[in-house]
A.B. asks: 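The structure under discussion is supplied below as structure tokens; questions concerning it will follow.
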Amino acid sequence: QVQLVESGGGLVQAGGSLRLSCAASGRTNSRNAIAWFRQAPGKEREFVAADSWSASNTYYADSVKGRFTISRDNAKNTVYLQMNNLNPEDTTVYYCAARRDTIVSRARSGYDYWGQGAQVTVSS
């Protein structure tokens, strides 16, 4: 089993930045694919960004490309989502997800483990 714990959410003004962290524990290894999703009330959980074990293989939703950056520190078993130039449409709960292998998926069903979520609120 893998446990994921997100942190770093909060309230920020439009145009500001936040960095989310996802600490992994349990049966983890540096070759787990990791992703961030987000879900607003009443909406489907949507893909935000993903990272395979290789730092050169990162993927982003069009809505966040150029503003968000996913990265990982394998020594700390932690994945980050740096979010810049935030806007009110980014307000929602963000979830970290992991899968057992290195294959990146943009689908919610593609991941085996999930964190509890971190609230991000962007004021206008």
Side-chain angles (χ1 to χ4, degrees):
Q1 290 293 319
V2 173
Q3 293 78 44
L4 303 173
V5 178
E6 299 100 334
S7 60
L11 173 65
V12 64
Q13 288 188 330
S17 299
L18 281 175
R19 189 178 76 162
L20 299 179
S21 299
C22 174
S25 60
R27 300 187 67 177
T28 62
N29 64 71
S30 63
R31 293 178 177 254
N32 296 116
I34 298 287
W36 289 94
F37 285 73
R38 64 187 183 185
Q39 185 171 19
K43 294 189 176 182
E44 294 289 321
R45 190 167 296 188
E46 65 172 352
F47 171 80
V48 174
D51 169 70
S52 71
W53 72 275
S54 168
S56 63
N57 294 335
T58 56
Y59 306 84
Y60 298 94
D62 289 342
S63 59
V64 307
K65 197 173 295 182
R67 299 188 298 124
F68 291 11
T69 302
I70 187 171
S71 63
R72 66 166 76 195
D73 184 336
N74 288 327
K76 296 182 178 179
N77 281 341
T78 300
V79 177
Y80 304 98
L81 184 67
Q82 177 66 44
M83 304 183 293
N84 298 328
N85 194 21
L86 286 160
N87 59 63
E89 289 70 37
D90 296 315
T91 294
T92 189
V93 179
Y94 286 73
Y95 297 89
C96 174
R99 57 181 288 156
R100 296 185 183 95
D101 55 30
T102 65
I103 301 172
V104 169
S105 171
R106 293 174 181 257
R108 176 180 182 175
S109 60
Y111 292 85
D112 304 297
Y113 309 103
W114 292 87
Q116 82 288 353
Q119 176 70 46
V120 170
T121 303
V122 184
S123 63
S124 58

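Hydrogens, waters and symmetry mates are skipped; everything else that's a heavy atom, side chains included, is used. This is a predicted model, so every value here is computed, not measured.
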A.B. asks: Just so I know, are the side chains of W114 and R108 near enough to count as touching, which here means a heavy-atom distance under 4.5 Å?
C.D. replies: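 In short, these two side chains touch, coming nearer than 4.5 Å.
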A.B. asks: If you measure from OH on Y95 to CD on E6, what distance do you get to the nearest 0.5 Å?
C.D. replies: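 Nearest 0.5 Å value for the OH-CD distance: 8.5 Å.
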A.B. asks: What's the separation between atom NZ in K43 and atom OG1 in T92, rounded to the nearest 0.5 Å?
C.D. replies: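 Atom-to-atom, K43:NZ and T92:OG1 are 8.5 Å apart.
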A.B. asks: Counting distance only, does the side-chain N/O of D112 pair as donor-acceptor with the main-chain N or O of R100 below 3.5 Å?
C.D. replies: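 Yes, the answer is positive, given that a donor and an acceptor are paired below the 3.5 Å cut-off.
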A.B. asks: State plainly whether one hydrophobic cluster holds both V48 and L18, where clusters connect Ile, Leu, Val, Met, Phe, Trp and Tyr through side-chain heavy atoms under 4.5 angstrom apart.
C.D. replies: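 Yes, one cluster joins them.
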A.B. asks: Please name the residue in the list F47, W36, F37 that meets the ring-ring contact (aromatic ring centres under 6.0 Å, His included) test with Y111.
C.D. replies: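 That would be F37; it is the only one of F47, W36, F37 passing the ring-ring contact (aromatic ring centres under 6.0 Å, His included) with Y111.
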A.B. asks: Output the distance between atom CG (D90) and atom OG1 (T121), rounded to the nearest 0.5 Å.
C.D. replies: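 One finds 11.0 Å between CG of D90 and OG1 of T121.
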A.B. asks: Provide the closest heavy-atom pair for L4 versus A24 in the form atom of the first, atom of the second, distance.
C.D. replies: CD2-CB, 3.7 Å
A.B. asks: Check S124 against A14 and note the closest heavy-atom contact, atom names and distance.
C.D. replies: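 That would be CA-CB, 4.3 Å.
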A.B. asks: Ignoring hydrogens, what is the shortest heavy-atom contact between N84 and S17? Give both atom names and the distance.
C.D. replies: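 It is OD1-OG, 2.9 Å.
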A.B. asks: Which heavy atom of Y80 sits nearest a heavy atom of D73, and at what distance?
C.D. replies: CE1-CB, 4.0 Å
A.B. asks: First locate atom CD1 of I103, then atom OG of S52, and finally report the distance between them rounded to the nearest 0.5 Å.
C.D. replies: 10.5 Å
A.B. asks: Can you give me the closest heavy-atom contact between R67 and N87, atom names plus distance?
C.D. replies: NH1-ND2, 3.5 Å
A.B. asks: Tell me, with the steps shown, if R38 and L81 meet side-chain contact (heavy atoms from CB on, under 4.5 Å).
C.D. replies: CA-CA 12 Å; R38 64 187 183 185; L81 184 67; over 6 Å; no
A.B. asks: Check whether F68 and L20 end up in the same hydrophobic cluster, where Ile, Leu, Val, Met, Phe, Trp and Tyr are linked by side-chain heavy atoms less than 4.5 Å apart.
C.D. replies: yes
A.B. asks: If two hydrophobic side chains count as joined below 4.5 Å and joins carry through other members, does V79 share a cluster with V120?
C.D. replies: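 As far as the 4.5 Å side-chain criterion goes, V120 and V79 are connected within one cluster.
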A.B. asks: Kindly determine whether D51 and T58 satisfy side-chain hydrogen bond (donor to acceptor under 3.5 Å, both in side chains), including the steps that lead there.
C.D. replies: CA-CA 5 Å; D51 169 70; T58 56; 5.9 Å; no
A.B. asks: Kindly compute the distance separating CG (L11) from CD (Q119), expressed to the nearest 0.5 Å.
C.D. replies: 9.5 Å
A.B. asks: Would you verify whether the NZ or CZ of R106 falls within 45 degrees of the ring axis of Y59 while also being under 6.0 Å from that six-membered ring's centre?
C.D. replies: no
A.B. asks: Check for me, please, whether V12 and V93 land in the same ILVMFWY cluster - side-chain distances under 4.5 Å, paths through other members count.
C.D. replies: no
A.B. asks: Give the cluster check for I34 versus Y94: same hydrophobic cluster or not, with ILVMFWY residues linked at side-chain heavy-atom distances below 4.5 Å.
C.D. replies: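 Same hydrophobic cluster.
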A.B. asks: Please round to the nearest 0.5 Å and tell me the distance separating atom CG of N57 and atom CD1 of I70.
C.D. replies: 11.5 Å
A.B. asks: Counting only N and O atoms by type, is there a donor-acceptor contact under 3.5 Å from the side chain of Q82 to the main-chain atoms of T69?
C.D. replies: no
A.B. asks: Please check this pair: side chain of R99 against backbone of G110, looking for a donor-acceptor N/O pair closer than 3.5 Å.
C.D. replies: yes
